[in-house]
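First up is the structure itself, then whatever we jot down about it.
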Amino acid sequence: MAATMQKKILVEQLRVGMHVQSLCGAWLDHPFWKTQFVLRDPEDLRKLRGSAVLECWIDTDKGLDVAAVATGVAPKRGTGQAPDQPLIQPAPEPVLAIPRTRSLGEESVHAASLVGQAKQVVTALFAEARMGQALDISGCAELVDEVTSSVWRNPDAMLSLARLKTHDDYTYMHSVAVCALMVALARQMNLGIEAAREAGMAGLLHDMGKVVMPLEVLSKPGKLTDDEFAVMRSHPVRGHEMLLNRVVDVDASLGQVTDGVLDVCLHHHERVDGKGYPHGLDGGRISTLAKMGAVCDVYDAITSNRPYKAAWDPSESIGKMASWRNGHFDEAVFQAFVRSMGIYPTGSLVRMESQRLAVVIEQNDASITRPKVKIFFSTKTSLPISVEILDLARPECVDRIAGRESNSIWKFPHLESLWASTDALRKLGRS
C-alpha cells in the first residue's frame, strides 16, 4: 500500500481545495469540530487563518499541494516608486529552527554589554544626523554583525534585553530593538546570515527620520493633532533622503546602505491593505523586507513605555497584532514573526492551569506554546509563593498555560528581575 503524501505546513499556506489531515494545537484553538476535511469554503479558510493554530498537516493525495509563495520586491534606489526588482523572499516551506549554541544565561551577559554599546553607537549617529553632518555608518555595520552573531547563538537574550528601555532613551533603543527583531525574523524565515545582516542594518536605520522631527511633537504625552500627525508621517521620507544623500562612503566590508535598507526606511509604515504611508502601497507592491520592518517596528513600539501610554505585555501585544493583521501585516511574515518570538514571548506574564502566575523566561524550539516559565504567585491565595521553574515542553510536566495576564492589572514591580539575569540587569544599570 502506497504511503500517503502528508506535509506539515503553516496555516497561511493553506488554500481552498487542500485536504487538512490534522491541526497542530489544542482543540479549543480552532473553530472546527473535526480536524480531517477538505477546505471548500473560503470562509472556513478565513476562520482558520484567524485562529490560534499556526501549523497543520495536509494530505496531497486527497487535495491540492502547497502553492508557490509570492516573492518580495524592492524599490528603485533613490525613488519612492513602487517596487520592481526581486528582494529577499521567505522560504516556501517551513524549516526547522536553527539550534541555539549558547545557553540563555551565558548569552544574556554578553547581550547586555552589547545593548549598552549599541546605545552609544546609535546615540552618536543620531547626534550627527541632528546636526546635519555626514553620516558614518561603519560603527553601525560592526554593531549589526555583533547583534546578528548574538541572535544566531541564542535569540532570546538579545530580544528580551533590547526591550528594556526608558522614556528618555526610547528613540535610540527602539532602533536597536528593531535591529535585533529583524535579525531574529530573518533567522526564522531561513533567509541566511548575510540577508539577516541586511535586515538588521535596515532595522537599526529605519527611523533615522525621527531625529529631525520637532521634539515637542516626538515626545508629546497626548494625542497628536492632525497637523502634528502630518509632520510625523514625513519621517520615512526624511530618513530615506538622509540615508541616500548624507552617508559617507565606507569600505564594502564594513557595510553599505543597500537598496533594501533604504526601502525599509521609506516603507516600514506601509500596510498590506494600502492604507499606510507615505505612498499607500498595497501588499503586492511592498517588499518582504519592508513587511518585516512593519511588524518589528510595531511590536517594539507597543511593548515599550511611551510618553502617551504604558507598555503592553509581550504576549498581550502578540494577541493585539494578530487582531490587526488582516489589513496591517503580511500574513506569512506575521506568522514567521510569531514563531520567532513565541506565542508567549520572553517576559510575558501568564496564568497557569494550576491557578498560579508565572513569567516566561525562555522559549522552546520544539513548541512555541510551551516555553520555560518561572512560577511565583498564587491567584488562589493572592500571595507570593516559592519560585519554581517549569519546562512546559517536558513530557512529565502536567501544568499548562491557561491564558495571558496583563501586568497593568497586577502591577508587579519586579517582573524584570524574574526573567532577566541579575548580571544582565546590572550591566544595563537596572538592578
Exercise for the section: Show your working on side-chain contact (heavy atoms from CB on, under 4.5 Å) between Thr346 and Ile361 and close with a plain yes or no. Expected result: CA-CA 5 Å; Thr346 301; Ile361 60 172; 5.5 Å; no
Exercise for the section: Specify whether His268 and His235 have parallel, tilted or perpendicular ring planes, treating 30° as the upper limit for parallel and 60° as the lower limit for perpendicular. Expected result: tilted
Handout entry: Residue pairs involving residues 343-355 (criterion salt bridge (charged side-chain N to carboxylate O under 4.0 Å, His left out); sequence neighbours excluded)
Key = Arg351-Glu405
Problem - Distance, nearest 0.5 Å, that separates OG of Ser340 from CD1 of Ile368 - result: 9.5 Å
Exercise for the section: Would you indicate whether the side-chain heavy atoms of Leu205 and Leu262 approach each other to under 4.5 Å? Expected result: no
Handout entry: Check: Asp227/Thr225 side-chain N/O donor and acceptor closer than 3.5 Å
Key = no
Problem - Spacing of CZ belonging to Arg163 relative to CG belonging to Leu161, to within rounding of 0.5 Å - result: 9.5 Å
Exercise for the section: Mind telling me whether His267 and His279 have parallel, tilted or perpendicular rings, with 30° and 60° as the class edges? Expected result: perpendicular
Exercise for the section: Would you please name every residue forming a side-chain contact (heavy atoms from CB on, under 4.5 Å) with Cys296, sequence neighbours left out? Expected result: Val178, Leu181, Met182, Leu185, Phe337
Practice task
Please assess Val176 against Lys119 for the test side-chain contact (heavy atoms from CB on, under 4.5 Å), listing each intermediate value before the final yes or no.
Solution key: CA-CA 7 Å; Val176 176; Lys119 181 180 177 181; 5.7 Å; no
Which pairs of donor and acceptor atoms, one on a side chain in residues 208-215, lie under 3.5 Å apart (sequence neighbours left out)?
unit_1	atom_1	unit_2	atom_2	d
Lys210	NZ	Asp207	OD2	3.2

Problem - With sequence neighbours excluded, residues passing salt bridge (Lys or Arg N to Asp or Glu O under 4.0 Å) with Arg404 - result: none
Completion exercise
Rounding to 0.5 Å, atoms CG (Asp399) and CD (Glu388) come to a distance of 8.5 Å
Problem - Leu48 vs Leu23, side-chain contact (heavy atoms from CB on, under 4.5 Å): CA-CA, chis, key distance, verdict - result: CA-CA 10 Å; Leu48 190 51; Leu23 299 170; 4.0 Å; yes
Handout entry: Centroid-centroid distance, His206 to His269, less than 6.0 Å
Key = no
Problem - Contacts of type salt bridge (Lys or Arg N to Asp or Glu O under 4.0 Å), residue Glu270, not counting sequence neighbours - result: none
Practice task
Determine the minimum heavy-atom distance between Val144 and Cys179, stating which atoms define it.
Solution key: CG2-SG, 4.2 Å
Problem - Worked verdict on Phe412 versus Leu418 for side-chain contact (heavy atoms from CB on, under 4.5 Å) - result: CA-CA 11 Å; Phe412 293 118; Leu418 288 173; over 6 Å; no
Practice task
Can you run down the salt bridge (charged side-chain N to carboxylate O under 4.0 Å, His left out) pairs that involve residues 101-113, sequence neighbours left out, and say none if there aren't any?
Solution key: Arg102-Glu107, Glu107-Arg153
